Chemist: 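I'd like to ask some things about the structure below.
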Amino acid sequence: MMRVAVVTGGSRGLGLALTRALVARGWQVIIDARSPAELESAAVGLTGEGRVIPVAGDVADPAHRQMLVAEVVALGGLDLLVNNASFLGPSPQPALRVYPLEVLRRVLEVNTVAPLALIQQLLAHLRPVGGVIINISSDAAVEAYPGWGGYGSSKAALEQLSRVLAAEHPDLRVYWVDPGDMNTTMHQEAYPGEDISDRPLPDESVPGLLELAAGHRPSGRYRARAIEPGS
(Lines give C-alpha, C1' and ligand atoms only; values in the text may rest on other atoms or scores of the structure.)
Protein backbone atom coordinates (compact mmCIF):
# COMPACT_ATOMS: atom_id res chain seq x y z
CA MET A 1 0.00 0.00 0.00
CA MET A 2 1.33 3.42 -0.97
CA ARG A 3 2.03 5.81 1.87
CA VAL A 4 0.00 9.02 1.89
CA ALA A 5 1.21 12.52 2.73
CA VAL A 6 -0.28 16.01 2.83
CA VAL A 7 2.22 18.80 2.13
CA THR A 8 0.79 22.31 2.34
CA GLY A 9 2.48 24.97 0.26
CA GLY A 10 3.67 22.27 -2.09
CA SER A 11 3.93 24.26 -5.33
CA ARG A 12 7.35 25.84 -4.74
CA GLY A 13 10.34 26.07 -2.42
CA LEU A 14 10.75 23.54 0.35
CA GLY A 15 7.26 22.10 -0.11
CA LEU A 16 7.90 21.33 -3.78
CA ALA A 17 11.36 19.89 -3.10
CA LEU A 18 9.98 17.58 -0.41
CA THR A 19 7.02 16.56 -2.55
CA ARG A 20 9.35 15.70 -5.43
CA ALA A 21 11.41 13.46 -3.13
CA LEU A 22 8.33 11.73 -1.69
CA VAL A 23 6.79 11.05 -5.10
CA ALA A 24 10.11 9.64 -6.31
CA ARG A 25 9.95 7.23 -3.36
CA GLY A 26 6.46 6.01 -4.17
CA TRP A 27 4.29 8.21 -1.94
CA GLN A 28 0.87 9.58 -2.82
CA VAL A 29 1.18 13.27 -1.96
CA ILE A 30 -1.68 15.74 -1.64
CA ILE A 31 -0.35 19.26 -2.15
CA ASP A 32 -1.99 22.66 -2.01
CA ALA A 33 -1.23 26.27 -2.89
CA ARG A 34 -3.26 29.44 -3.34
CA SER A 35 -2.41 29.77 -7.07
CA PRO A 36 -4.16 27.10 -9.20
CA ALA A 37 -1.86 27.78 -12.17
CA GLU A 38 1.30 27.50 -10.08
CA LEU A 39 0.00 24.35 -8.43
CA GLU A 40 -0.87 22.66 -11.71
CA SER A 41 2.51 23.61 -13.18
CA ALA A 42 4.29 22.08 -10.20
CA ALA A 43 2.20 18.91 -10.35
CA VAL A 44 2.97 18.35 -14.04
CA GLY A 45 6.68 18.29 -13.30
CA LEU A 46 6.44 15.74 -10.49
CA THR A 47 7.15 12.21 -11.63
CA GLY A 48 8.16 9.00 -9.91
CA GLU A 49 6.77 5.78 -8.50
CA GLY A 50 4.14 7.69 -6.57
CA ARG A 51 1.65 10.35 -7.60
CA VAL A 52 0.64 13.87 -6.67
CA ILE A 53 -2.88 15.16 -6.02
CA PRO A 54 -3.07 18.98 -6.34
CA VAL A 55 -5.81 20.83 -4.43
CA ALA A 56 -5.85 24.58 -5.00
CA GLY A 57 -6.88 26.85 -2.13
CA ASP A 58 -5.93 28.80 0.95
CA VAL A 59 -4.98 26.67 3.95
CA ALA A 60 -6.59 29.30 6.20
CA ASP A 61 -9.96 28.61 4.53
CA PRO A 62 -12.02 25.95 6.39
CA ALA A 63 -13.71 24.83 3.17
CA HIS A 64 -10.33 24.25 1.53
CA ARG A 65 -9.06 22.27 4.51
CA GLN A 66 -12.14 20.07 4.25
CA MET A 67 -11.22 19.36 0.62
CA LEU A 68 -7.80 18.14 1.79
CA VAL A 69 -9.48 15.91 4.36
CA ALA A 70 -11.77 14.47 1.67
CA GLU A 71 -8.74 13.51 -0.44
CA VAL A 72 -7.15 11.79 2.56
CA VAL A 73 -10.35 9.85 3.24
CA ALA A 74 -10.52 8.79 -0.41
CA LEU A 75 -6.99 7.41 -0.15
CA GLY A 76 -7.79 5.46 2.99
CA GLY A 77 -5.80 7.37 5.61
CA LEU A 78 -2.70 9.46 6.23
CA ASP A 79 0.90 8.65 7.13
CA LEU A 80 2.46 12.13 7.06
CA LEU A 81 1.20 15.69 7.49
CA VAL A 82 3.65 18.50 6.69
CA ASN A 83 2.44 21.97 7.66
CA ASN A 84 4.72 23.93 5.37
CA ALA A 85 2.54 26.74 3.98
CA SER A 86 3.53 30.09 5.51
CA PHE A 87 2.80 33.78 5.14
CA LEU A 88 5.75 36.13 5.60
CA GLY A 89 3.80 39.32 6.17
CA PRO A 90 5.06 42.77 5.13
CA SER A 91 8.24 43.10 3.11
CA PRO A 92 10.57 44.47 4.23
CA GLN A 93 9.79 43.27 7.74
CA PRO A 94 8.62 46.18 9.95
CA ALA A 95 9.44 46.85 13.60
CA LEU A 96 6.75 45.80 16.05
CA ARG A 97 6.00 49.40 16.99
CA VAL A 98 4.58 49.95 13.50
CA TYR A 99 3.56 46.41 12.59
CA PRO A 100 0.08 46.52 10.98
CA LEU A 101 -2.19 44.52 13.26
CA GLU A 102 -4.53 43.42 10.50
CA VAL A 103 -1.54 41.82 8.74
CA LEU A 104 -0.36 40.22 11.98
CA ARG A 105 -3.75 38.56 12.30
CA ARG A 106 -3.30 37.08 8.82
CA VAL A 107 0.24 35.90 9.65
CA LEU A 108 -1.01 34.15 12.79
CA GLU A 109 -4.01 32.70 10.95
CA VAL A 110 -1.88 31.09 8.24
CA ASN A 111 1.21 30.14 10.25
CA THR A 112 -0.33 29.09 13.56
CA VAL A 113 -4.09 28.65 13.50
CA ALA A 114 -4.38 26.90 10.13
CA PRO A 115 -1.79 24.20 10.95
CA LEU A 116 -3.57 23.39 14.20
CA ALA A 117 -6.94 23.37 12.44
CA LEU A 118 -5.62 20.93 9.84
CA ILE A 119 -4.13 18.73 12.55
CA GLN A 120 -7.49 18.68 14.34
CA GLN A 121 -9.29 17.68 11.15
CA LEU A 122 -6.76 15.01 10.11
CA LEU A 123 -5.82 13.53 13.48
CA ALA A 124 -8.45 10.81 13.26
CA HIS A 125 -7.12 9.80 9.84
CA LEU A 126 -3.43 9.52 10.80
CA ARG A 127 -2.19 5.95 11.01
CA PRO A 128 -2.39 4.82 14.65
CA VAL A 129 1.10 3.37 14.29
CA GLY A 130 3.72 5.39 12.46
CA GLY A 131 1.74 8.59 11.95
CA VAL A 132 4.00 11.65 11.61
CA ILE A 133 3.34 15.40 11.83
CA ILE A 134 6.03 17.84 10.70
CA ASN A 135 5.46 21.53 11.42
CA ILE A 136 7.90 23.73 9.51
CA SER A 137 9.28 26.44 11.81
CA SER A 138 12.18 28.89 11.65
CA ASP A 139 15.14 30.13 13.63
CA ALA A 140 13.07 33.33 13.96
CA ALA A 141 10.90 31.35 16.41
CA VAL A 142 13.73 31.21 18.93
CA GLU A 143 15.97 34.18 18.03
CA ALA A 144 15.07 37.86 18.54
CA TYR A 145 15.77 39.28 15.09
CA PRO A 146 14.75 42.95 14.76
CA GLY A 147 11.90 43.23 12.28
CA TRP A 148 10.88 39.59 12.60
CA GLY A 149 8.41 39.94 15.47
CA GLY A 150 5.34 39.05 13.43
CA TYR A 151 6.59 36.01 11.53
CA GLY A 152 8.81 34.88 14.42
CA SER A 153 6.01 35.02 16.98
CA SER A 154 3.73 32.99 14.71
CA LYS A 155 6.37 30.28 14.42
CA ALA A 156 7.13 30.41 18.15
CA ALA A 157 3.45 29.79 18.83
CA LEU A 158 3.48 26.91 16.33
CA GLU A 159 6.44 25.36 18.13
CA GLN A 160 4.67 25.52 21.50
CA LEU A 161 1.54 23.98 19.99
CA SER A 162 3.77 21.22 18.63
CA ARG A 163 5.34 20.58 22.04
CA VAL A 164 1.96 20.27 23.72
CA LEU A 165 0.59 18.10 20.91
CA ALA A 166 3.56 15.75 21.31
CA ALA A 167 2.88 15.53 25.06
CA GLU A 168 -0.81 14.87 24.48
CA HIS A 169 -0.20 12.23 21.78
CA PRO A 170 2.88 10.19 22.71
CA ASP A 171 1.78 7.55 20.19
CA LEU A 172 2.45 9.98 17.33
CA ARG A 173 5.69 11.48 16.12
CA VAL A 174 5.44 15.28 16.17
CA TYR A 175 8.38 17.28 14.84
CA TRP A 176 8.86 21.04 14.66
CA VAL A 177 11.65 21.73 12.24
CA ASP A 178 13.88 24.65 11.32
CA PRO A 179 14.83 24.08 7.66
CA GLY A 180 17.52 26.78 7.74
CA ASP A 181 18.02 29.74 5.40
CA MET A 182 17.15 28.81 1.83
CA ASN A 183 17.20 30.31 -1.63
CA THR A 184 13.42 30.54 -2.04
CA THR A 185 10.86 33.10 -3.16
CA MET A 186 9.80 33.77 0.42
CA HIS A 187 13.37 34.34 1.58
CA GLN A 188 13.88 36.73 -1.31
CA GLU A 189 10.73 38.60 -0.29
CA ALA A 190 12.14 38.89 3.21
CA TYR A 191 15.27 40.58 1.84
CA PRO A 192 14.05 42.67 -1.12
CA GLY A 193 16.81 43.83 -3.41
CA GLU A 194 19.46 41.63 -1.79
CA ASP A 195 21.35 38.82 -3.49
CA ILE A 196 20.43 35.56 -1.72
CA SER A 197 22.06 33.27 -4.27
CA ASP A 198 24.53 32.13 -1.61
CA ARG A 199 21.74 30.48 0.41
CA PRO A 200 21.37 26.72 0.05
CA LEU A 201 18.63 25.40 -2.22
CA PRO A 202 15.67 23.85 -0.38
CA ASP A 203 16.73 20.43 -1.66
CA GLU A 204 19.52 20.48 0.93
CA SER A 205 16.95 20.44 3.75
CA VAL A 206 14.98 17.53 2.26
CA PRO A 207 17.13 14.57 3.44
CA GLY A 208 16.58 15.58 7.07
CA LEU A 209 12.84 15.86 6.52
CA LEU A 210 12.75 12.43 4.88
CA GLU A 211 14.58 11.02 7.87
CA LEU A 212 11.93 12.47 10.18
CA ALA A 213 9.13 11.25 7.93
CA ALA A 214 10.26 7.71 8.72
CA GLY A 215 9.09 8.34 12.29
CA HIS A 216 12.00 6.65 14.03
CA ARG A 217 13.20 9.67 16.00
CA PRO A 218 11.54 10.95 19.18
CA SER A 219 9.17 13.90 18.92
CA GLY A 220 10.94 17.23 19.27
CA ARG A 221 12.60 20.21 17.63
CA TYR A 222 15.12 19.55 14.87
CA ARG A 223 17.25 21.52 12.43
CA ALA A 224 16.75 19.80 9.08
CA ARG A 225 20.29 20.17 7.77
CA ALA A 226 21.80 18.97 11.06
CA ILE A 227 20.09 15.58 10.81
CA GLU A 228 22.35 12.81 9.60
CA PRO A 229 20.30 10.24 7.70
CA GLY A 230 20.55 6.79 9.20
CA SER A 231 22.13 7.99 12.44
Side-chain angles (χ1 to χ4, degrees), residues 1 3-10 14-15 18 22 27-32 55 58-87 104-143 150-179 205 208-224 226-227:
M1 182 174 63
R3 289 170 293 178
V4 176
V6 169
V7 179
T8 65
L14 181 63
L18 176 59
L22 290 171
W27 287 67
Q28 299 186 86
V29 188
I30 302 162
I31 62 172
D32 77 347
V55 183
D58 185 342
V59 73
D61 177 6
H64 171 65
R65 292 196 300 268
Q66 193 54 49
M67 292 170 64
L68 297 177
V69 174
E71 293 291 347
V72 168
V73 171
L75 293 174
L78 184 66
D79 299 279
L80 171 66
L81 168 61
V82 182
N83 281 308
N84 168 70
S86 295
F87 178 53
L104 178 60
R105 292 186 182 95
R106 171 68 177 168
V107 170
L108 291 167
E109 187 68 33
V110 174
N111 298 355
T112 309
V113 178
L116 177 59
L118 195 53
I119 289 168
Q120 290 177 339
Q121 290 173 270
L122 288 174
L123 203 56
H125 304 288
L126 269 171
R127 309 290 185 203
V129 177
V132 174
I133 296 171
I134 297 178
N135 291 324
I136 300 299
S137 186
S138 167
D139 60 341
V142 295
E143 300 291 344
Y151 183 83
S153 63
S154 73
K155 292 298 186 177
L158 180 62
E159 291 204 4
Q160 182 62 5
L161 290 176
S162 302
R163 288 187 186 92
V164 174
L165 185 70
E168 292 175 343
H169 295 274
D171 52 322
L172 296 177
R173 289 291 178 263
V174 182
Y175 306 116
W176 44 110
V177 184
D178 172 11
S205 298
L209 295 178
L210 292 174
E211 183 73 15
L212 293 177
H216 300 315
R217 294 172 182 257
S219 294
R221 187 181 200 275
Y222 291 85
R223 289 183 296 117
I227 299 171

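Along the sequence shown, residues are numbered consecutively beginning with 1. Computed from heavy atoms alone, side chains included, the values below leave out hydrogens, waters and symmetry copies. Fair warning: this is a prediction, and the values are worked out from it, not measured in the lab.
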Chemist: Once salt bridge (Lys or Arg N to Asp or Glu O under 4.0 Å) is applied, do any residues pair with Arg127, and if so which ones, sequence neighbours excluded?
Modeler: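 Arg127 satisfies salt bridge (Lys or Arg N to Asp or Glu O under 4.0 Å) with Asp79 once adjacent residues are dropped.
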Chemist: With a 4.5 Å heavy-atom cut-off, do Leu80 and Val4 have their side chains touching?
Modeler: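 The answer is no; the side chains never approach within 4.5 Å.
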Chemist: Between Val7 and Ile30, does the side-chain contact (heavy atoms from CB on, under 4.5 Å) criterion hold? Intermediate values first, please.
Modeler: CA-CA 6 Å; Val7 179; Ile30 302 162; over 6 Å; no
Chemist: Mind checking ring pair (Phe, Tyr, Trp, His ring centres under 6.0 Å) for Tyr222 and listing every partner two or more places apart, or none if nothing turns up?
Modeler: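 Residues passing ring pair (Phe, Tyr, Trp, His ring centres under 6.0 Å) with Tyr222: Tyr175.
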Chemist: Name all residues meeting the side chain to side chain contact (heavy atoms under 4.5 Å, CB included) criterion together with Ala140; count only those two or more places apart in sequence or in a different chain, and write none if there are none.
Modeler: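 With sequence neighbours excluded, Ala140 shows a side chain to side chain contact (heavy atoms under 4.5 Å, CB included) to Ser138, Tyr145, Trp148, Tyr151, given in chain and number order.
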Chemist: Going from CD on Glu143 to CG on Asp178, what distance comes out if it is rounded to the nearest 0.5 angstrom?
Modeler: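 The distance works out to 9.5 Å.
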Chemist: At their closest point, which heavy atom of Leu22 faces which heavy atom of Ala5, and how far apart are they?
Modeler: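 It is CD1-CB, 4.1 Å.
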Chemist: List the residues meeting side chain to side chain contact (heavy atoms under 4.5 Å, CB included) with Ala214, not counting sequence neighbours, and say none if there are none.
Modeler: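 Side chain to side chain contact (heavy atoms under 4.5 Å, CB included) list for Ala214, sorted by chain: His216.
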Chemist: Please report the shortest heavy-atom distance between Ser137 and Pro179, naming the atom on each side.
Modeler: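 Scanning both residues, the minimum pair turns out to be O-CD, 3.4 Å.
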Chemist: Please report the shortest heavy-atom distance between Glu211 and Arg217, naming the atom on each side.
Modeler: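 In this case the closest contact between Glu211 and Arg217 is CG-NE, 3.4 Å.
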Chemist: Search all heavy atoms of Ala60 against all heavy atoms of Val110 and return the closest pair with its distance.
Modeler: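 Scanning both residues completely, I find the closest heavy atoms to be CB-CG2, 4.2 Å.
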Chemist: Which residues pass the side chain to side chain contact (heavy atoms under 4.5 Å, CB included) test with Thr8, sequence neighbours left out?
Modeler: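 Side chain to side chain contact (heavy atoms under 4.5 Å, CB included) list for Thr8, sorted by chain: Val6, Asp32, Val59, Asn83, Asn84, Ala85, Leu118.
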Chemist: Report the residues that fulfil salt bridge (Lys or Arg N to Asp or Glu O under 4.0 Å) with Asp58, sequence neighbours left out, ordered by chain and then residue number.
Modeler: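 Checked Asp58 against salt bridge (Lys or Arg N to Asp or Glu O under 4.0 Å); matches are Arg106.
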Chemist: What is the distance from atom CH2 of Trp176 to atom CG of Leu212, rounded to the nearest 0.5 Å?
Modeler: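 It is 11.0 Å, given to the nearest 0.5 Å.
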Chemist: For the residue pair Lys155 / Ser86, report whether a side-chain donor-acceptor contact shorter than 3.5 Å exists.
Modeler: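 Looking only at side-chain atoms, Lys155 and Ser86 do form a donor-acceptor pair, the distance falling under 3.5 Å.
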Chemist: Roughly how far, to the nearest 0.5 Å, is NE2 of His169 from CD1 of Ile119?
Modeler: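 Separation between the atoms: 9.0 Å.
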Chemist: Leu116: which residues meet the side chain to side chain contact (heavy atoms under 4.5 Å, CB included) condition with it, sequence neighbours left out?
Modeler: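 With neighbours one apart ignored, the set is Gln120, Leu161.
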Chemist: Got a sec, which residues hit salt bridge (Lys or Arg N to Asp or Glu O under 4.0 Å) with Glu159, two or more places apart in sequence or on another chain?
Modeler: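 Salt bridge (Lys or Arg N to Asp or Glu O under 4.0 Å) check on Glu159 returns Arg163, Arg221.
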Chemist: Any idea which heavy atoms bring Ile134 and Ala213 closest together, and the distance?
Modeler: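 For Ile134 and Ala213, the tightest heavy-atom pair comes out as CD1-N, 4.2 Å.
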Chemist: Are the side chains of Val29 and Leu18 in contact, using a 4.5 Å heavy-atom criterion?
Modeler: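 Side-chain contact under 4.5 Å: no.
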Chemist: Regarding Asn135 and Ser162, do their side chains bring together a donor and an acceptor under 3.5 Å, going by distance alone?
Modeler: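 Per modelled atom types, Asn135 and Ser162 side chains form a pair under 3.5 Å.
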Chemist: So how far is it from Leu123 CG to Glu168 CD, rounded to the nearest 0.5 Å?
Modeler: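 So the gap between those two atoms works out to 10.0 Å.
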Chemist: Are any non-hydrogen side-chain atoms of Ile136 and Leu158 less than 4.5 angstrom apart?
Modeler: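 No; the side chains remain at least 4.5 Å from each other.
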Chemist: How close do Gly10 and Ile31 get, counting heavy atoms only, and between which atoms?
Modeler: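 In this case the closest contact between Gly10 and Ile31 is O-CD1, 3.8 Å.
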Chemist: Output, in order, the C-alpha distance, side-chain angles, deciding distance and verdict of side-chain contact (heavy atoms from CB on, under 4.5 Å) for Ile133 and Leu126.
Modeler: CA-CA 9 Å; Ile133 296 171; Leu126 269 171; 3.7 Å; yes
Chemist: In Å and rounded to the nearest 0.5 Å, what is the OG to CG distance from Ser219 to Leu165?
Modeler: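 Interatomic distance, Ser219 OG to Leu165 CG, rounded to 0.5 Å: 8.5 Å.
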Chemist: Can you name the residues that form a side-chain hydrogen bond (donor to acceptor under 3.5 Å, both in side chains) with Arg65, not counting sequence neighbours?
Modeler: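 For Arg65, the residues satisfying side-chain hydrogen bond (donor to acceptor under 3.5 Å, both in side chains) (neighbours in sequence not counted) are Gln121.
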Chemist: Just to verify, what does Glu109 make a side-chain hydrogen bond (donor to acceptor under 3.5 Å, both in side chains) with, not counting sequence neighbours?
Modeler: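 For Glu109, no residue satisfies side-chain hydrogen bond (donor to acceptor under 3.5 Å, both in side chains) once neighbours in sequence are set aside.
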Chemist: Please confirm whether the backbone N or O of Leu108 pairs with a side-chain atom of Ser154, one donor and one acceptor, at under 3.5 Å?
Modeler: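 A pair under 3.5 Å: no.
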Chemist: Measuring from atom CG of Asp61 to atom CD of Gln66, what distance do you get when rounded to the nearest 0.5 angstrom?
Modeler: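 The distance works out to 11.0 Å.
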Chemist: Can you confirm whether Arg223 sits close enough to Val177 that some side-chain heavy atom of one is under 4.5 Å from a side-chain heavy atom of the other?
Modeler: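 When only atoms from C-beta onward are counted, Val177 and Arg223 do not touch, as no gap falls below 4.5 Å.
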